[in-house]
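So the structure is just underneath, and the comments pick up after that.
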Amino acid sequence: MKKKYSIRNNIKNCGYMTQERADQGTTKSRSEAYEFVRRSDETRSNDGMRSYGVVYIILLLFSLPQFVGAVTTTIWENSDYKDFEGGKLHNVSIDEMGRVKPTRPLEKLKNVHFDSIIALTKLDNEFYIATIGPNGIYKFFPDKKENTTEKIWDTTEEIITDLASFNGKLYFSTIPDGNLYEITHNKVQKVLNVPAKFVWKLLPTTDALYMTTGEPGGMFELSKSNSLKKLYTHEKMHFKPLLKHKNILYFGGSPKSILYKMDEKNKISVMRDFGHSEVADIEICNNSLYVLTNEFKDRPAEVDPTTPQPKNEKSQSPIELFSLYEFSKDEVKRLFMQKNEMGTDLVCNNNALLIATNPQGKIYSYSAITQNVSLLYDLDDQFIFSLRFFDEEHAFMSTGNEGTIYKIKPKLGDESYYISKVLDTLFTSQWGNFTLRHEGELTSSFRTGNTVEPDETWTEWTSDCKESECMIKNSSARFIQYRVTFKDLENSFFTDVHLAYHTKNQKPIIRFIKINADSVQKRKPQNDATEDNQNEISGYLFPVVRIERVVKVIEPHSSLKEIAWDAFDYDQDVLAYDLFFKMVEDTEWKKIAQAEDLLQTNFLWNTESIPSGLYEVKLIAKDTFDNTNEEKKETSQISSRFLIDNEAPRFDKIETKNNHIEGIVKDSFSRIMQIDYSIDGMQWRMIRPTDGLYDEKTEEFSFSVELPKKSHSIALRAFDAESNLVTTYLKIQ
């Protein structure tokens, strides 16, 4: 059973560590039976298991009374955030509930090429950037067709850390000597030397320009007359992010993730020590204060973040995770976290908080209204330095590794599509039905091939299918991708993708045979396969995969559904739980019998009297026992959708003629999973459906038997995907 992951990781009320939401579901691909389910910080391939070592293939064939055929229909399912993450996002986003929908497109500005662009700002309707490689200040023209740049100043001795407009002028800071420069009418002059080695952040306000520094850590105020005032210093800190709101200054830094504030009387106080490695950024959005923190595995010494960043190998990355916190009404909540990523920038725009992360170069969105998290952009290992929204027409992000500027367009584009990761079925496969749930108008298409990465040997994309269920017409192959294209950009999304395939049977490979080992002449043993060699098998060279055959035994149907969960209380209060359920299309929640004030974290629900259909369960966690009625708190979480199906399939139109039997099996809610027959009480034998795939709610079957000339009884049985069983009997003379 594959665990599903929420991008939020269910962190509620400053919950500590990662909590995974595990839902009941269908095995997503055949190959998942051959690999360990991993946590979100480890390497996991939802496309199937890939083996880079060379080992022998061993197929373990079993014969059991209720054995589902050695090669049967497999369903590849994409239904949550982790399933869709890693696909190609072209003007689409993925939210934590696994919904893929159109988003505002990115436009890469032309003729803007540097090693890194670390800051950008606006002055008098003109735009400026600070760059590395070469190090300098440039004006750029985002509204021109060719987006050219104009050099204002450059240097080979200093590195620019930040750029800001204040008092009608441009200011920029440099390291390693902590200099502050002023630009007036494209003329650059040094204003002063700040008493610190590093000047990290410039914050312009109406009355003053504020600066945070490192070695020593400090906060300084520059007046309009260029008079510098020291507000606070701390020898062991590097202060970086800085924010002013209602005459309160908020700041933080590293190597301790402490959030400070300074009131209008310049009194310093600590708001919170988050226990991480650094405070990365601070932002106000919808009257709430948000704080972005990072955690590093080895707490590394300060590294100059303006240096062009190499691509990080996951095994060598010092990054542990980033976290987003909210201060609201004297409460602190950790909203969500992501492992193996570090946060760099927070921006509030249209009631949404945008979070830039590295090293993969992703932009997340947190809606303060819906409290929903989405992945908006994935820049394929670009290092995002700065994210700025000047107005609806001018929203930019600047990058490293390939120093350029992306413009976030104000409206949805003309084209939005999603291309899935590559599914590896291990062997040549026959394709069946492709289904997806969606709203609005969209189309699906497919391509297949026999190489890990799509190339010219793959098939072309099929013609667009406009239905929710599409029959894949590509030729048999080992690998497949699907593409979903949005036609209605304003009101459409999709989720819950299912792709059926049938892997063709493979020739057995015999490694050795033993015949009375004591009398067999000893032979020189062959070297075992290693990761550095390959074996020639049947005239072909290919890496051999060791496979332990997974035996599927059809368990008797049960109407019991186990509901399991995990919850955490920061105050270590005892938690009690209530459970409710409803059909997806209903609006009213109903309480599950005997599921009130539960103290355990699982419940066995008997659904025998529940009508079949698609359902959701809502869990309410409350700290009633350790608090008064006025102080008690509760929170709720809704499960993923799941099917309740207690209804057996049914046989229809069974006909017999001259030892040939054919008929139809139908089910109202689940796909038919297997049809078997037995002659005169002998062993059950599987029947292959007429179309070769068990992937629909209605399956036709046809088979012949060889029988002696006498009366025989033939039993037919059929299982649906929920193991509901129907049996019928025939007599053949």
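For this chain, numbers begin at 1 and follow the sequence in order.
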[X] side, atom [atom1]; [Y] side, atom [atom2] - distance, nearest 0.5 Å:
X: K82; Y: E96; atom1: NZ; atom2: CD; result: 13.0 Å
X: K561; Y: F642; atom1: NZ; atom2: CZ; result: 7.0 Å
X: S367; Y: N372; atom1: OG; atom2: CG; result: 7.0 Å
X: L560; Y: L604; atom1: CG; atom2: CG; result: 4.5 Å
X: S612; Y: I644; atom1: OG; atom2: CD1; result: 8.0 Å
X: T103; Y: I363; atom1: OG1; atom2: CD1; result: 11.0 Å

Any side-chain heavy-atom pair from [X] and [Y] closer than 4.5 angstrom?
X: F493; Y: V100; value: no
X: L353; Y: L324; value: yes
X: F479; Y: T425; value: no
X: F434; Y: S444; value: yes
X: F701; Y: Y677; value: no
X: E696; Y: V665; value: no
X: T74; Y: W76; value: no
X: F719; Y: Y694; value: no

Regarding [X] and [Y], is there a side-chain donor-to-acceptor distance under 3.5 Å anywhere?
X: T451; Y: E453; answer: no
X: S468; Y: H438; answer: yes
X: T601; Y: D566; answer: no
X: N433; Y: T435; answer: no
X: Q382; Y: Y377; answer: no

For the backbone of [Y] and the side chain of [X], can you confirm whether one donor and one acceptor N or O come within less than 3.5 Å of each other?
X: N358; Y: Q360; result: no
X: S374; Y: S93; result: no
X: N91; Y: E415; result: yes
X: D488; Y: S492; result: no
X: T495; Y: G98; result: yes

Task: is_close_aromatic(F427, Y501), centroid dist under 6.0 Å - done: no
TODO: Start with the C-alpha gap between N646 and T607, add the side-chain angles, then the distance that decides, and say whether side chain to side chain contact (heavy atoms under 4.5 Å, CB included) holds.
DONE: CA-CA 8 Å; N646 296 319; T607 65; 3.6 Å; yes
Decide, yes or no, whether a salt bridge links [X] with [Y] under the criterion of side-chain N to carboxylate O below 4.0 Å.
X: E85; Y: K362; value: yes
X: D667; Y: R650; value: no
X: R478; Y: D424; value: yes
X: E588; Y: K582; value: no
X: D676; Y: R717; value: yes
X: E469; Y: K697; value: no

Minimum heavy-atom distance [X]-[Y], with the two atoms named:
X: S323; Y: M337; value: OG-CB, 3.8 Å
X: K666; Y: D652; value: NZ-OD2, 3.4 Å
X: G692; Y: H502; value: O-CG, 4.4 Å
X: H498; Y: I75; value: CD2-CG2, 3.9 Å
X: D695; Y: A500; value: CB-CB, 3.6 Å
X: T448; Y: S475; value: OG1-O, 3.6 Å

Open item on the list: Tell me which one of K88, R447, K421 satisfies side-chain hydrogen bond (donor to acceptor under 3.5 Å, both in side chains) with Q481.
Closed with: R447
Residues 460-467, side-chain donor-acceptor partners within the protein, below 3.5 Å, at least two apart:
{"from": "T462", "atom 1": "OG1", "to": "F446", "atom 2": "N", "distance (Å)": "3.0"}

Open item on the list: Using the ring pair (Phe, Tyr, Trp, His ring centres under 6.0 Å) criterion, which residues pair with W605? Sequence neighbours excluded.
Closed with: F581
TODO: Could you tell me which residues satisfy ring pair (Phe, Tyr, Trp, His ring centres under 6.0 Å) with Y577, sequence neighbours excluded, listed by chain and number?
DONE: W565
- [ ] Count the heavy atoms belonging to other residues, nucleotides or ligands that lie under 6.0 Å from CG of D414, then report whether that count exceeds 12.
- [x] no
Open item on the list: Tell me whether E608 at atom CD has more than 12 heavy atoms from other residues, nucleotides or ligands lying less than 6.0 Å away.
Closed with: no
Task: R641/D496 under salt bridge (charged side-chain N to carboxylate O under 4.0 Å, His left out): CA gap, chis, key distance, verdict - done: CA-CA 10 Å; R641 293 165 283 185; D496 293 321; 2.8 Å; yes
Open item on the list: Run the side chain to side chain contact (heavy atoms under 4.5 Å, CB included) test on F703 and R688 for me, step by step, so that the C-alpha distance in whole Å, both residues' side-chain angles and the decisive distance to 0.1 Å come before the verdict.
Closed with: CA-CA 8 Å; F703 67 99; R688 179 69 61 197; over 6 Å; no
Open item on the list: For a side chain to side chain contact (heavy atoms under 4.5 Å, CB included) check, start with the C-alpha distance between Y417 and V92, then their side-chain angles and the critical distance, and finish with the verdict.
Closed with: CA-CA 7 Å; Y417 60 82; V92 298; 5.8 Å; no
- [ ] Please test D720 against F669 for side chain to side chain contact (heavy atoms under 4.5 Å, CB included), starting from the C-alpha separation and ending with a verdict.
- [x] CA-CA 9 Å; D720 65 15; F669 296 95; over 6 Å; no
- [ ] Can you label the angle between the Y482 ring and the Y418 ring as parallel, tilted or perpendicular, going by 30° and 60°?
- [x] tilted
Task: Residue among S559, S670, S723 satisfying side chain to side chain contact (heavy atoms under 4.5 Å, CB included) with D645 - done: S670
